[in-house]
Amino acid sequence: SEAIGKATQGAFSQASKASNETGLGDLARWLLKKDLVDIGDSRSALSSLEADVRVIADALPAPDRILAATDGTPTEAHVFHRGSHKNPGDTVARRFLAALDENPEPVSGGSARLDLADRLLDPENPLPPRVMANRVWHYIFGRGIVPSVDNFGVLGEAPTHPELLDYLATSFVNNGWSLKALVRDLVTTETYRISSARTNEAAETKDPSNALLHRMRVKRLESEAIRDSVLAASGSLDDSMFGESVPIYLSPFMSNHRRPRTSGPENGDGRRTIYVQVRRNYLSPMQLAFDYPIPETTIGKRTQSNVPAQALIMMNDPFIVEEARRWGERIAALTDVDVDARIAVVFETALGRMPSKNEQDRLASLLEQQAREYGLDADAIGSNAELWADICHTVFTLKEFIFVS
């Protein structure tokens with residue numbers, strides 16, 4: 001009848017909607033539940049099979065989801081006369097960079113992102129491997145073969161060793177663009193192992209700026225490495241990998257209407273600096289003093305300054321003072337170790353070498369002087385954490401702690 005037909009049509013309409021939302025398996029279960037199909041003796045077997053499917057589905061791991069960009073609707077951009085968006089000129093078809101290709105072919109499909117990536121990494125385009133090889137050289141040796149690492153154009157600086165740069169770029173590509181292989185090749189060279197000491201006066205006369213790398217350059221650690229080194233020396237470093245980032249520590253001086261409600265721990269839970277949150281309006285004063293870049297754009301070459309603020313940070317920053325205290329407690333807790341041996345442990349931990357006789361004597365003298373200031377007996381020097389905190393803090397302030405020669 002007409003009523004039965006309408007009811008059946010409505011049932012299948014609901015079933016279709018269910019199948020669109022949850023899949024054909026749910027559609028079959030819906031039909032069975034409503035008794036719209038008759039499968040006779042197979043119902044029990046189907047129920048058992050459905051239970052097995054559910055067990056397998058429940059055992060599947062939860063999928064990992066990430067934010068990703070998809071190809072959007074392509075649009076053509078206008079040329080802005082004198083750079084003003086209020087004065088648009090002719091449209092320009094999507095194409096490769098005219099600076100790298102005299103006659104770039106327009107792109108007809110998609111947003112042109114994939115085409116741009118393919119053209120950039122074309123074997124006939126030597127720029128990307130050269131830029132990458134030059135940046136790795138810059139990080140390892142302190143100065144790029146092309147010193148202007150962000151500018152390979154006519155306004156940039158010329159390479160000091162163009163043939164070497166070409167060789168490194170070619171080797172980089174032939175090794176499958178492997179950064180590990182490139183770093184390994186550089187750090188195993190004789191050039192990397194040479195001293196920074198000025199021992200060749202003839203070379204100093206011919207190459208006073210050391211552009212030709214006749215000796216190793218003295219390099220200052222980056223701000224992140226300095227903080228991590230402090231944590232490592234004090235024994236507070238948590239070297240575990242991955243996990244959630246640690247909220248930034250907010251000092252009382254970091255105040256405005258957008259200040260977060262909660263502050264992270266002063267030492268960042270001991271995590272390496274890479275795991276500490278970065279907030280553009282709340283950057284660490286210690287990190288900024290050591291030329292931490294402002295996180296608003298990419299920086300290929302950081303500033304490496306040597307200013308009084310850095311020495312003041314190492315003397316007065318609460319983070320440094322606290323880590324010196326923790327380190328001092330560890331040194332004071334050592335058993336069956338005399339004062340000279342404790343000083344040796346401090347030096348070896350922080351600088352990777354044993355102290356000289358002069359350094360040993362000066363620190364021992366400092367211990368005695370501080371003991372008198374605190375009104376302590378000579379017998380209490382070895383186990384007093386406050387005294388050793390002063391010694392550890394002194395070692396933190398040494399130039400050798402933040403410079404690599």
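Predicted, not measured: the structure shown is a model, and the values here were computed from it.
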Enquirer: Check for a donor-acceptor pair, side chain of Y275 on one end and backbone N or O of F242 on the other, with a separation under 3.5 Å.
Expert: yes
Enquirer: Starting at CE of M315, measure out to CD1 of I313 and round the result to the nearest 0.5 Å.
Expert: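 That separation rounds to 10.0 Å.
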Enquirer: Do T397 and H393 have side-chain heavy atoms sitting under 4.5 Å apart?
Expert: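 In short, these two side chains touch, coming nearer than 4.5 Å.
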Enquirer: Check whether any side-chain heavy atom of I331 lies under 4.5 Å from a side-chain heavy atom of I391, and answer yes or no.
Expert: no
Enquirer: Does the side chain of W137 reach to within under 4.5 Å of the side chain of L182, using non-hydrogen atoms?
Expert: no
Enquirer: Does S229 form a side chain to side chain contact (heavy atoms under 4.5 Å, CB included) with L221? I'd like the steps, not just the answer.
Expert: CA-CA 9 Å; S229 297; L221 295 178; 3.9 Å; yes
Enquirer: Might you point out which heavy atoms bring D207 and L213 nearest each other, and give the distance in Å?
Expert: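 Smallest heavy-atom distance, with atoms named: OD2-N, 3.7 Å.
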Enquirer: When you measure from the side chain of R227 to the backbone of Q287, do you find a donor-acceptor pair of N or O atoms at a distance under 3.5 Å?
Expert: no
Enquirer: Is there a side chain to side chain donor-acceptor pair (under 3.5 Å) between E323 and S234? Walk through the geometry before answering.
Expert: CA-CA 6 Å; E323 292 309 311; S234 69; 2.6 Å; yes
Enquirer: Should the heavy atoms of other residues, nucleotides or ligands under 6.0 Å from OH of Y167 be counted, would the total exceed 12?
Expert: no
Enquirer: Given 3.5 Å as the limit, does a donor-acceptor pair link the side chain of E76 with the main chain of R94, or not?
Expert: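 Side chain of E76 to backbone of R94, a donor-acceptor pair under 3.5 Å: yes, one is there.
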Enquirer: Which atom names give the shortest non-hydrogen contact between R220 and S305, and what distance separates them?
Expert: NH1-O, 2.9 Å
Enquirer: Closer than 3.5 angstrom, by distance alone: can the side chain of S195 be matched with the main-chain N or O of A197 as a donor-acceptor pair?
Expert: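 Confirmed, S195 side chain pairs with A197 backbone.
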Enquirer: With rounding to the nearest 0.5 Å, note down the distance linking OG in S171 to CG in D166.
Expert: 12.5 Å
Enquirer: Between K357 and D361, is the closest basic N to carboxylate O distance under 4.0 Å?
Expert: yes
Enquirer: So how far is it from T273 OG1 to E222 CD, rounded to the nearest 0.5 Å?
Expert: 10.5 Å
Enquirer: Just by modelled atom types, is the A233 backbone N or O under 3.5 Å from a matching donor or acceptor in the W327 side chain?
Expert: yes
Enquirer: Would you mind reporting whether T303 and P293 have side-chain heavy atoms less than 4.5 Å apart?
Expert: no
Enquirer: For H161, enumerate each residue passing the side-chain contact (heavy atoms from CB on, under 4.5 Å) test, keeping only those at least two apart in sequence or located in another chain.
Expert: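 Applying side-chain contact (heavy atoms from CB on, under 4.5 Å) to H161 gives I145, L164, L212.
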Enquirer: Decide yes or no on side chain to side chain contact (heavy atoms under 4.5 Å, CB included) for V146 and N151, but give the supporting numbers first.
Expert: CA-CA 8 Å; V146 176; N151 189 347; over 6 Å; no
Enquirer: Take S240 and D238 through the test side chain to side chain donor-acceptor pair (under 3.5 Å) and record every step on the way to the result.
Expert: CA-CA 6 Å; S240 60; D238 177 2; 2.8 Å; yes
Enquirer: Treating K86 as the side-chain partner and F80 as the backbone partner, does any N or O pair qualify as donor plus acceptor under 3.5 Å?
Expert: no
Enquirer: Looking only at atom types and distance, does a side-chain atom of N210 sit under 3.5 Å from a main-chain N or O of R215, one as donor and one as acceptor?
Expert: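 Present.
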Enquirer: Can you tell whether the side chains of K301 and D150 come within less than 4.0 Å, N to carboxylate O?
Expert: no
Enquirer: Between P129 and N125, what is the shortest heavy-atom contact and its length?
Expert: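 Nearest heavy atoms, P129 then N125: CD-O, 4.0 Å.
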Enquirer: May I have the step-by-step check of salt bridge (charged side-chain N to carboxylate O under 4.0 Å, His left out) for E322 and R325, ending in yes or no?
Expert: CA-CA 5 Å; E322 176 62 17; R325 183 192 63 78; 2.4 Å; yes
Enquirer: Would you mind reporting whether I248 and V278 have side-chain heavy atoms less than 4.5 Å apart?
Expert: no
Enquirer: Look at R193 together with E190 and state whether they make a salt bridge at an N to O cut-off of under 4.0 Å.
Expert: no
Enquirer: I'd like to check I226 versus F396 (side-chain heavy atoms, cut-off strictly below 4.5 Å). Are they in contact?
Expert: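 In short, these two side chains do not touch, never coming nearer than 4.5 Å.
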Enquirer: Name the one of R271, R272, R302 that satisfies salt bridge (charged side-chain N to carboxylate O under 4.0 Å, His left out) with E224?
Expert: R302
Enquirer: Please report the shortest heavy-atom distance between P147 and A158, naming the atom on each side.
Expert: CD-O, 3.7 Å
Enquirer: Does S263 reach the main-chain N or O of L250 with its side chain, forming a donor-acceptor pair under 3.5 Å?
Expert: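 Confirmed, S263 side chain pairs with L250 backbone.
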Enquirer: Take K180 and N175 through the test side chain to side chain donor-acceptor pair (under 3.5 Å) and record every step on the way to the result.
Expert: CA-CA 10 Å; K180 287 186 177 180; N175 285 325; over 6 Å; no
Enquirer: Could you list the residues that satisfy side-chain contact (heavy atoms from CB on, under 4.5 Å) with P318, not counting sequence neighbours?
Expert: E266
Enquirer: Between E400 and R353, is there a salt bridge with N-O shorter than 4.0 Å?
Expert: yes
Enquirer: For the side chain of N134 and the backbone of V149, is there at least one donor-acceptor N/O pair under 3.5 Å apart?
Expert: no
Enquirer: Mind checking whether R143 and T160 have side chains closer than 4.5 Å, heavy atoms only?
Expert: yes
Enquirer: List the atom of Q310, the atom of N306, and the distance in Å for their closest heavy-atom pair.
Expert: OE1-CA, 3.6 Å
Enquirer: Given T170 and N174, is the side chain to side chain contact (heavy atoms under 4.5 Å, CB included) satisfied, shown in steps?
Expert: CA-CA 6 Å; T170 303; N174 291 340; 3.5 Å; yes
Enquirer: How long is the straight-line distance from CD1 of I402 back to CZ of F290, given to the nearest 0.5 Å?
Expert: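 Nearest 0.5 Å value for the CZ-CD1 distance: 4.5 Å.
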Enquirer: Looking only at heavy atoms, which two atoms of P355 and Q360 are closest? And how far apart?
Expert: CG-OE1, 3.2 Å
Enquirer: List for me each residue that meets ring-ring contact (aromatic ring centres under 6.0 Å, His included) alongside W388, sequence neighbours excluded, and say none if there are none.
Expert: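 Listed in chain order: nothing, the list is empty.
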Enquirer: Please state whether the rings of F141 and Y192 are parallel, tilted or perpendicular, taking 30° and 60° as the class boundaries.
Expert: perpendicular
Enquirer: Taking C-beta and beyond as the side chain, do D185 and V183 meet within less than 4.5 Å on heavy atoms?
Expert: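 Heavy-atom side-chain distance check fails, nothing below 4.5 Å.
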Enquirer: Is there a donor-acceptor pair closer than 3.5 Å between any side-chain N or O of S284 and the backbone N or O of M286?
Expert: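 Yes, S284 side chain to M286 backbone: donor-acceptor pair under 3.5 Å.
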Enquirer: Are there more than 12 heavy atoms of other residues, nucleotides or ligands under 6.0 Å from atom CG of L60?
Expert: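 Yes, the 6.0 Å shell around CG holds more than 12 heavy atoms from other groups.
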Enquirer: Measure the CG-OH distance between D390 and Y374 for me, rounded to the nearest 0.5 Å.
Expert: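 Here the rounded value is 3.5 Å.
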Enquirer: If you draw a 6.0 Å radius around CG in D90, do more than 12 non-hydrogen atoms from other residues or ligands fall strictly inside?
Expert: no
Enquirer: Looking at R217, I want to see if its CZ is surrounded by more than 12 non-hydrogen atoms of other residues, nucleotides or ligands under 6.0 Å.
Expert: yes
Enquirer: What's the verdict on side chain to side chain donor-acceptor pair (under 3.5 Å) for E368 and S365, showing C-alpha distance, side-chain angles and the deciding distance?
Expert: CA-CA 5 Å; E368 295 174 359; S365 176; 5.3 Å; no
Enquirer: Working note: R362 + E359, criterion side chain to side chain contact (heavy atoms under 4.5 Å, CB included); need CA distance, chi angles, decisive distance, verdict.
Expert: CA-CA 5 Å; R362 293 181 69 179; E359 291 167 333; 5.9 Å; no
Enquirer: Looking at CG of L120 and CG of L116, how far apart are the two atoms once the value is rounded to the nearest 0.5 Å?
Expert: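 The CG atom of L116 is 4.5 Å from CG of L120, to the nearest 0.5 Å.
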